[in-house]
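Residue numbers begin at 1 in each chain, while the letters A, B, ... track the order of the sequences.
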Amino acid sequence: VKKIAKQLIGTISILGILTGLILASSLDVSVLNPEESEPWALFGEDPSHNIIISWKSAEMQYPAVKYGISPSNLSKTVFNFTQSTIHHLLLPSLLPNTKYFYQVGSNNGNPTFQGDSSSKMYEFYTAPIDINTTVKFMAISDSQQIAGNGYTKRIADKLGSVASQNRLVMNVGDMVEDGSIESDWNDFFETSAGYLGKTIFVPVAGNHDSNLGQASPTPKPTILENYFPISDSKNHFYYSFNYSMIHFTIADFTWPEDSQVGPEQLEWLDQDLTNAQSMPYSIVAFHCPIKDSAFFGNNYYMQNRVRPILDKHNVTLILNGHDHHYERVEEYGLTYMILGGGGTVQDPFVVPIPESKVIEFGPTYASFTANSTYLNVQVNTLEDNLVDQFNLAPRIHNQGGSE
Amino acid sequence: MTTAIIHPFYLILILVISLTSSILKRIWKTESKNNSDPDGLLKKKNQPDEDSPQEGQSTTTDLQITPGQLTVKLRRQWRFHAFFYIIIAMATYFTVYQLLIKKSINLANINFLIIPLLLSAIISTVYFVKTVLIAPTKFSLVIHVGIIIYEIIVYSFFIHRYFDFFYLFLPFLLGPLRILFWKKEVKPLWDHREKFTKIINFRVELLFWVLCVLEVALQYKGYSLIVW
């Protein structure tokens with residue numbers, strides 16, 4: 001009996017430790033996050049003058065936002081007199097290239113801001129009108145937490161520590177593991193709060209965030225659009241905007257299949273890039289890569305339908321995710337960055353292709369500085385070790401430049 | 001030569017599975033075998049084997065297996081995890097080689113890779129040697145060397161062309177073959193298991209397991225044994 005008892009205790013201890021670790025990680029994502037969130041800021045139709053402030057509340061609420069150009073004098077307030085739990089308030093008629101501060105709160109159905117005056121202050125910059133203004137921004141991708149993996153939190157905190165010095169932060173898709181589940185989004189907003197409240201957020205749809213346009217046999221309701229109501233289409237999540245000398249095109253290629261890379265979006269992409277020919281830099285972001293060294297790095301639809309359009313319009317830089325590692329690929333004069341070091345578990349393996357210039361496993365984030373002579377790109381690790389650095393020339397040279 | 005570079009995190013993740021199986025086997029065998037025969041394979045000459053009929057006493061052919069014998073033979077498939085160690089060892093060697101020679105590979109995050117690579121290299125090499133050299137039977141020597149050659153061919157020619165991780169693990173399908181050829185496995189060509197189990201005893205194996213579990217847990221939360 002003693003022998004068997006010892007053996008049972010040993011077995012239970014070994015298996016118990018493993019089970020405990022798995023459970024502890026899972027609880028972090030699925031249970032421990034609050035339903036309400038801190039706010040995030042999105043570009044409105046004109047990034048120089050309109051910004052959308054969004055947030056989640058646990059209870060139904062009439063939302064209100066107080067804002068101004070000084071934290072001690074939030075002189076303006078906007079209200080919405082419809083109750084909801086996901087709030088979006090448009091701040092109109094803002095000054096371009098100006099730092100704004102804001103607080104979120106509620107109202108009682110009449111135009112009175114209700115909120116603690118000591119409550120947390122958030123900030124953002126509006127876009128400049130002058131297209132020679134130097135711009136700094138950051139990007140990551142694939143921050144989805146499969147079961148509480150911690151790179152996501154550490155990368156988000158790293159972005160949070162420098163977000164105020166950047167005009168925007170882009171996430172190139174797969175922000176969450178399952179975009180149809182509220183708790184996953186609660187976890188994303190909780191984890192990313194450090195940077196979302198300090199700058200403008202530019203979301204890109206990933207295949208885990210949204211299944212718009214996917215020919216899925218069992219389509220799931222997606223709630224991505226509820227949080228980020230900025231798409232130009234109801235069939236896909238795509239939009240574009242100009243920021244100083246850069247034209248950003250956010251496309252919705254999340255999965256390399258026929259229905260995703262269909263005529264509606266391809267026509268929109270072609271037209272959008274045609275309209276942006278006068279901009280010195282063109283950056284196109286979409287989730288699924290056209291070419292890289294991992295599992296999704298070689299697919300027919302992306303190479304035959306999307307790449308010719310990017311090539312035709314001499315796009316400066318293409319930002320992708322989907323594969324979970326960092327990589328820079330150069331092919332046919334196009335530069336691709338796969339920003340899959342944003343937090344999720346990394347790819348099991350890569351097979352380096354000849355077009356690949358840099359490959360890195362582990363947590364990474366990208367920082368960009370655009371001025372009239374070059375677009376500088378730097379990719380760093382959590383410990384600030386340099387992974388990759390390169391400059392891209394503008395398509396068109398402008399005169400002058402300002403900070 | 002272009003081939004796959006395996007993320008070291010997955011190497012120790014597989015090691016955790018394999019080591020857990022080894023540890024559990026040790027726990028259930030230790031008391032009766034005095035900690036020197038975790039595989040339950042040490043047989044003194046002329047000692048009756050409760051698991052198998054002795055050479056010459058068998059009244060069944062290899063393919064005539066009674067349900068009772070089949071149960072015993074399936075239990076012997078615990079040794080199947082030897083395949084894990086050969087595959088992990090080969091994956092570790094190819095990965096280290098590729099990390100060192102491939103120009104496009106950046107090692108800025110080496111702090112996150114070094115402990116998994118070291119653990120994987122040390123542990124898989126120890127068990128690789130055990131699996132292939134400590135007590136080989138004719139059949140196991142053939143099949144294990146066959147797996148090594150297969151892995152070299154997959155890494156060198158197949159994986160970059162077909163891009164399928166599954167090819168690395170295809171040898172697992174060979175496992176059931178051991179049931180058919182089991183009787184031929186009883187006599188080792190030479191036997192150093194006793195020495196091996198004295199050096200890599202239960203405590204050492206438990207230490208390997210703890211280090212691997214700790215590193216996997218830390219990696220999962222964005223840290224490592226040397227990154228805090």
Side-chain angles (χ1 to χ4, degrees), chain A residues 2-4 6-11 13-15 17-18 21 24-25 28 146-155 293-295 297-298 324-328 341 343 345-364 379-388, chain B residues 2-11 13-14 16-17 19-21 23-24 26-32 91 94-95 98-99 101-113 116 155 159-165 168 202 206 209-210 213-214 216-224 227:
Chain A
K2 270 187 185 175
K3 198 196 293 178
I4 291 173
K6 270 186 185 174
Q7 289 169 335
L8 280 174
I9 289 169
T11 307
S13 305
I14 295 287
L15 297 179
I17 289 170
L18 292 179
L21 287 170
S25 294
D28 179 28
I146 292 170
N149 46 302
Y151 286 160
T152 305
K153 177 67 179 159
R154 294 196 70 201
I155 283 283
S293 298
F295 189 73
N298 190 13
H324 296 175
H325 66 281
Y326 170 73
E327 185 169 354
R328 172 160 60 95
V345 289
Q346 295 287 280
D347 281 327
F349 74 111
V350 294
V351 179
I353 54 174
E355 297 83 2
S356 177
K357 301 299 171 195
V358 180
I359 297 174
E360 176 75 42
F361 279 133
T364 52
V379 179
N380 288 88
T381 67
L382 275 174
E383 295 157 317
D384 289 326
N385 296 327
L386 187 67
V387 174
D388 193 11
Chain B
T2 296
T3 190
I5 299 165
I6 313 283
H7 193 304
F9 171 78
Y10 294 90
L11 294 174
L13 197 62
I14 299 169
V16 166
I17 298 166
L19 282 171
T20 302
S21 126
I23 293 274
L24 290 177
R26 289 257 195 182
I27 287 172
W28 288 95
K29 291 275 185 184
T30 297
E31 298 292 326
S32 58
F94 271 97
T95 294
Q98 289 289 307
L99 287 175
I101 64 153
K102 210 73 197 172
K103 281 183 184 170
S104 58
I105 297 293
N106 187 291
L107 295 175
N109 267 325
I110 189 72
N111 286 351
F112 284 97
L113 307 182
Y155 274 100
I159 197 160
H160 62 277
R161 186 174 298 175
Y162 299 107
F163 220 89
D164 199 334
F165 206 51
L168 301 180
F202 181 75
L206 194 62
W209 184 83
V210 169
V213 168
L214 202 58
V216 166
L218 286 171
Q219 288 264 341
Y220 208 64
K221 299 308 289 179
Y223 299 90
S224 171
V227 181

Which region of Leu15(A), side chain (C-beta onward) or backbone (N, CA, C, O), has a non-hydrogen atom less than 4.5 Å from a non-hydrogen atom of chain B, or is it both or neither?
side chain

Top contributor to chain B interface from Ile4(A), Thr381(A), Ile14(A) [non-hydrogen pairs under 4.5 Å]:
Ile14(A)

Worked verdict on Ile105(B) versus Phe361(A) for side-chain contact (heavy atoms from CB on, under 4.5 Å):
CA-CA 9 Å; Ile105(B) 297 293; Phe361(A) 279 133; 6.0 Å; no

Nearest-0.5 Å distance, CZ of residue Phe349(A) to CG of residue Leu11(B):
12.5 Å

Between Tyr10(B) and Asp347(A), is there a donor-acceptor pair closer than 3.5 Å when you use the side chain of the first and the backbone of the second?
no

Examine whether an atom of Glu383(A) lies under 4.5 Å from a heavy atom of chain B, and if so say whether it belongs to the side chain, the backbone or both; otherwise answer neither.
side chain

Toward chain A, the part of Ile23(B) with a non-hydrogen atom under 4.5 Å:
side chain

Is Ala4(B) in contact with chain A via its backbone, its side chain, both, or neither, using a 4.5 Å heavy-atom distance?
both

Please flag which part of Leu21(A) lies under 4.5 Å from any non-hydrogen atom of chain B: side chain, backbone, both or neither.
side chain

How many angstroms lie between atom CD of Gln98(B) and atom CD1 of Ile359(A), to the nearest 0.5 angstrom?
10.0 Å

Whether Asn106(B) side chain and Val358(A) backbone form a donor-acceptor pair below 3.5 Å:
no

Does Gln346(A) reach the main-chain N or O of His7(B) with its side chain, forming a donor-acceptor pair under 3.5 Å?
no

Under 4.5 Å heavy-atom distance to chain A, tell me which part of Val216(B) shows up: side chain, backbone, both or neither.
neither

At a heavy-atom separation under 4.5 Å, does Ile17(A) approach chain B through its side chain, its backbone, both, or neither?
side chain

Within this structure, what is the OG-CD1 distance for the pair Ser13(A) and Ile27(B), rounded to the nearest 0.5 Å?
7.5 Å

So does Pro363(A) get a backbone contact from the side chain of Asn109(B), meaning a donor-acceptor N/O pair under 3.5 Å?
yes

Aromatic ring centroids of Tyr151(A) and Phe112(B) under 6.0 Å?
yes

Go through the steps for Thr11(A) and Trp28(B) under the test side-chain contact (heavy atoms from CB on, under 4.5 Å), then give the verdict.
CA-CA 9 Å; Thr11(A) 307; Trp28(B) 288 95; 3.0 Å; yes

When rounded to the nearest 0.5 angstrom, what is the spacing between CG in Asn385(A) and CG in Asn111(B)?
7.0 Å

Hey, what do you get for NZ (Lys221(B)) to CZ (Arg154(A)), rounding to the nearest 0.5 Å?
11.5 Å

What is the distance from atom CG of Leu107(B) to atom CD of Glu360(A), rounded to the nearest 0.5 Å?
7.0 Å

Most contacts with chain B, counted as non-hydrogen pairs under 4.5 angstrom, among Pro354(A), Pro352(A), Gly362(A)
Pro352(A)

Name the option with the most non-hydrogen atom pairs under 4.5 Å to chain A; the candidates are Ala91(B), Ala217(B), Ser104(B).
Ser104(B)

